[in-house]
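First comes the structure, then the notes that go with it.
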2 protein chains.
Amino acid sequence: MHKMNSKNKTFIDKLRSSGLRPTNQRVEISKFLFNRKKTFHFTVEELKNSMNLKRSKKISTATFYNTVHALKSAGYLKEFSLENNTSYYDTNIKSHHHFFDNGKVIDIKSDKITFHKLPDAPKGKKIKNVEVVIRLENNN
Amino acid sequence: MHKMNSKNKTFIDKLRSSGLRPTNQRVEISKFLFNRKKTFHFTVEELKNSMNLKRSKKISTATFYNTVHALKSAGYLKEFSLENNTSYYDTNIKSHHHFFDNGKVIDIKSDKITFHKLPDAPKGKKIKNVEVVIRLENNN
DNA sequence: ACATACTTTAGAATAATTATAAACTAGTTA
DNA sequence: TAACTAGTTTATAATTATTCTAAAGTATGT
């Protein structure tokens, strides 16, 4: 009944240490999201479609939403927005920057951008983070 | 029947020069948006509610959406996104930056931020613009 | 194995936005 | 000025992304 390997173990620990029961669905989703070399950008619908396509037993929409929110709250995913009223998530949780190229998103490592001048936070506030979006267009 | 003054005239010309017929609704919305000292950030729903509150003859939801889109296409409004699946619009169309403070948005003039290092655009692409979001939190 | 709290699920509900197509109006032309 | 036509407005339906609900299922401690 139980298939267990060291990769799953990692995710089980990861989930458990965030107070999330390592259910089958959560482990499957975690494997899909985090077992990759490159960072991954996705919407919940995209995630659902690409995972369920190859599964006989589908995971429900609500579970994809629940799990993505849980992983975000646990700090394993970062949310960002484009101009299309959809939430995007990024498996790269380190503070970093983005190229936006007509709906395509490319990460820019934090150290690729440095500032010469930055404004102070308003009174009573402090800066949580600074993120840059570089919008691209075709060379003509 | 027709109330005309120099302020309306400005908007009528503005609309007409963008190929938009200066209908009553469009002129009213333009006045509301652009007759202000400070830049204005809003969602379409917020705009609709605040304008219709004081009107006996309401402007329809569809017209607010149509007009905001038209003004955006004509280059009089800029769209941006927060993390809540709603489109925000900004009457400040000059390239500039933002503080985001729990759903509140504050403009930062372009010259308040300068870069020491910026990455090159990927091959075949060029940089359209660079915008910074500084996320704020309370001081403790 | 039992109990219980946490999860998953299908489906309903909500929110923001877009589409539709009928009624209306601005600008043009006769 | 009357009539025409293309562009607009409007109420309403449709769509999309997301959240809610409550019943059925499952992980974990004892």
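Here the structure is a predicted model, which means the values were calculated and not measured. So you know, we letter chains A, B, ... as the sequences are listed, proteins then strands, and number each from 1.
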Measure from [atom1] on [X] to [atom2] on [N] and round the result to the nearest Å.
X	N	atom1	atom2	value
A/Arg16	C/dA5	CZ	C1'	15 Å
B/Asn49	C/dA16	CG	P	10 Å
A/Asn24	D/dG25	CG	P	16 Å
B/Lys48	C/dT18	NZ	P	14 Å
A/Asn66	C/dA10	CG	P	13 Å
B/Leu47	C/dA16	CG	P	14 Å
A/Glu28	D/dT26	CD	C1'	16 Å
B/His69	C/dT17	NE2	P	7 Å

Side chain of [X], heavy atoms from C-beta onward: which of [options] has the nearest atom to it?
X	options	value
A/Thr63	C/dT9, C/dT17, D/dT9	C/dT9
B/Ala62	C/dT8, D/dT10, D/dT28	D/dT10
A/Leu20	D/dT10, C/dT9, C/dT7	C/dT7
B/Arg21	D/dT10, D/dC20, C/dG27	C/dG27

Taking only side-chain N and O atoms of [X], does any of them lie within less than 4.0 angstrom of OP1 or OP2 on [N]?
X	N	value
A/Thr23	C/dT8	yes
B/Arg26	C/dA26	no
B/Gln25	C/dT25	no
A/Tyr65	D/dT19	no
B/Lys57	D/dT10	yes

Using salt bridge (charged side-chain N to carboxylate O under 4.0 Å, His left out) as the criterion, list what pairs up with [X], not counting sequence neighbours.
X	value
A/Glu46	none
B/Glu45	B/Lys48
B/Arg36	none

Could you check whether B/Thr39 and B/Asp107, counting side-chain N and O atoms only, form a donor-acceptor pair closer than 3.5 Å?
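Yes, side-chain donor-acceptor contact under 3.5 Å.
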Residue list, side chain to side chain donor-acceptor pair (under 3.5 Å) with B/Arg135, at least two apart or on another chain
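Partners of B/Arg135 under the side chain to side chain donor-acceptor pair (under 3.5 Å) test: B/Glu83.
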Partners of A/Asp90 by side chain to side chain donor-acceptor pair (under 3.5 Å), sequence neighbours excluded?
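Once residues adjacent in sequence are excluded, the partners of A/Asp90 under the side chain to side chain donor-acceptor pair (under 3.5 Å) criterion are A/His41, A/His96, A/His98.
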Let me know, please, whether B/Pro22 or B/Val44 comes out on the 5' side of the other along DNA chain C by nearest nucleotide.
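In this pair, the answer is B/Val44.
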Check against ring pair (Phe, Tyr, Trp, His ring centres under 6.0 Å), A/Phe42 and A/Tyr88
CA-CA 5 Å; A/Phe42 63 95; A/Tyr88 285 78; 8.9 Å; no
Taking all non-hydrogen atoms of both residues into account, name the closest pair between A/Thr86 and B/Asn85 and its distance.
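Heavy-atom minimum between the residues: C-OD1, 3.8 Å.
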Looking at residues 79-91 of chain B, who's got a heavy atom less than 4.0 Å off DNA chain C?
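DNA chain C contact set from residues 79-91 of chain B: B/Asn85, B/Thr86, B/Ser87.
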